[in-house]
Amino acid sequence: MADRYAEILVVDLLGGIGDLIMLLPAIHGLARRHPTARLRVLTHEPGAELVRVDPAVAEVRTPRHGRPGAERAAVVEALAARRPDLAVTTTRYDGIPDLLLDSGARCVTDLWRRPPPDEPVGARYLRLLHAEGLLTRADLTARPRVRLPASARAAGEGDVDRLVAAARRATAPPVVLVTAAGMAVKRWPDGSWRALAGRLAAAGHPVLTVGADDDPPGVPLPPGDLPTLAGQIAAVARRGGVVVGPDTGPVRLAAAAGATTVGLFGPTDARRYGVGGLDLQGLPQCPHRRPTAITEQPCWWEARCPLDATGPACMADLGVTLVTDAVRAATRRPSLVWQVPAG
Ligand code: SF4
């Protein structure tokens with residue numbers, strides 16, 4: 001592949017940590033195939049923390065404020081600061097694709113075109129960039145990986161060491177519960193989390209948590225920035241531990257930091273949004289799920305499920321026994337491809 005680009009700008013202003021993590025293989029692929037290029041990323045905080053420590057990224061820019069129009073203004077500023085030869089964006093609102101096209105750069109502005117319902121979002125990005133001649137076939141199977149400084153790994157080891165040593169009757173690898181979710185419709189019921197934590201603790205697993213719950217069902221990991229969390233997760237993974245949680249940024253971060261994950265998928269389709277560990281799908285036959293248009297689902301914004309007035313039926317469908325068995329199987333043999341029992 002000819003190395004034609006000296007300045008590459010990647011724009012991901014979709015807003016979620018998970019959105020940026022799904023794009024990491026594309027960022028790393030572009031850096032690999034254009035090794036002399038200066039690659040900049042324009043994204044939101046706190047995801048920006050992850051790419052600031054990434055040696056593949058020369059500069060990270062973020063919007064200056066949270067008011068309407070901040071993202072468009074940030075694109076204008078990025079283009080004025082340095083004109084890119086190549087611009088790639090996941091973001092299509094506020095005329096951002098036209099701004100990039102007007103810069104005269106070669107642009108890839110539609111990474112969401114004709115998405116198949118069963119193709120993972122990140123794999124779709126790679127396939128489209130390969131079709132544009134910007135990546136090679138070898139890039140198509142890349143998975144998200146966060147690149148961590150040694151200091152974040154060392155700090156994570158220290159944190160996890162202390163928490164595991166303090167756990168009573170710790171005879172099995174640690175398990176991290178990611179209980180929160182940005183969208184209410186993705187939350188697993190609180191009672192299910194507590195039951196899972198009790199069963200895991202009884203089986204000898206130190207139970208740790210991520211999130212801001214007032215009364216968490218396990219011992220919280222010390223708070224910090226995203227590289228700190230990734231360092232802690234990497235330490236959990238090194239001990240054969242597992243991270244379990246819904247379709248959220250921290251669970252994607254855990255997989256990208258090397259942990260085995262158990263994903264609890266309800267309103268989103270695990271075939272398209274799966275994290276790549278053991279992804280469990282609640283109520284797979286729900287007729288309201290729209291894998292390629294999740295924001296148009298009747299349950300999406302207000303967590304009102306047409307099938308159950310008390311809460312998302314798909315999340316409730318993921319039983320505590322099923323999830324406990326999946327987590328236990330993953331901790332016993334992290335590379336095992338565990339099968340969901342039939343029926
Ligand atoms: S309609 Fe209900 S069961 Fe279906 S995806 Fe939405 S929350 Fe889940």
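Heads up: numbering here begins at 1 and tracks the sequence. Side chains are part of it too, since the values below use all heavy atoms of this structure and drop only hydrogens, waters and symmetry mates. Note that ligands are numbered from 1 as they come in the structure, with each ligand's atoms numbered from 1 the same way. Keep in mind that this is a model prediction, so the values were computed, not measured.
The ligand atoms of ligand 1 that sit less than 4.0 angstrom from a heavy atom of P267 are 5 (S). Remark: ligand 1 atoms within the under-4.0 Å shell around heavy atoms of P312 are 7 (S). For ligand 1, the atoms lying closer than 4.0 Å to a non-hydrogen atom of L283 are 3 (S).
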#### Entry: Step-by-step side chain to side chain contact (heavy atoms under 4.5 Å, CB included) determination, T260 to L278
CA-CA 8 Å; T260 299; L278 181 55; over 6 Å; no
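With atom 1 (S) of ligand 1 as the reference point, the heavy atom nearest to it among P284, P298, P287, P306 is part of P306. Closest heavy-atom approach to atom 7 (S) of ligand 1 within the set A316, G311, C299: this belongs to C299.
More than 12 non-hydrogen atoms from other residues, nucleotides or ligands lie less than 6.0 angstrom from CZ of R83. Counting heavy-atom neighbours within 6.0 Å of R32 CZ, excluding the residue itself, gives a total above 12.
The side-chain contact (heavy atoms from CB on, under 4.5 Å) test with E157 is passed by exactly one of R238, Q232, R162: R238.
Remark: D161 engages R239 in a salt bridge, criterion side-chain N to carboxylate O under 4.0 Å.
Put simply, the side chain of R40 gets close to the backbone of R82: a donor and an acceptor are under 3.5 Å apart.
When non-hydrogen atoms are compared, ligand 1 lies under 4.0 Å from the side chain of C286 (C-beta onward) but not from its backbone.
With a cut-off of 2.8 Å, atom 8 (Fe) of ligand 1 has no N, O or S atom of C305 in range. Not one N, O or S atom of H288 sits under 2.8 Å from atom 4 (Fe) of ligand 1.
Two rings, from W112 and Y125, have their centers less than 6.0 Å apart.
The protein non-hydrogen atom at the shortest distance from atom 8 (Fe) of ligand 1 is C314 SG, 2.3 Å.
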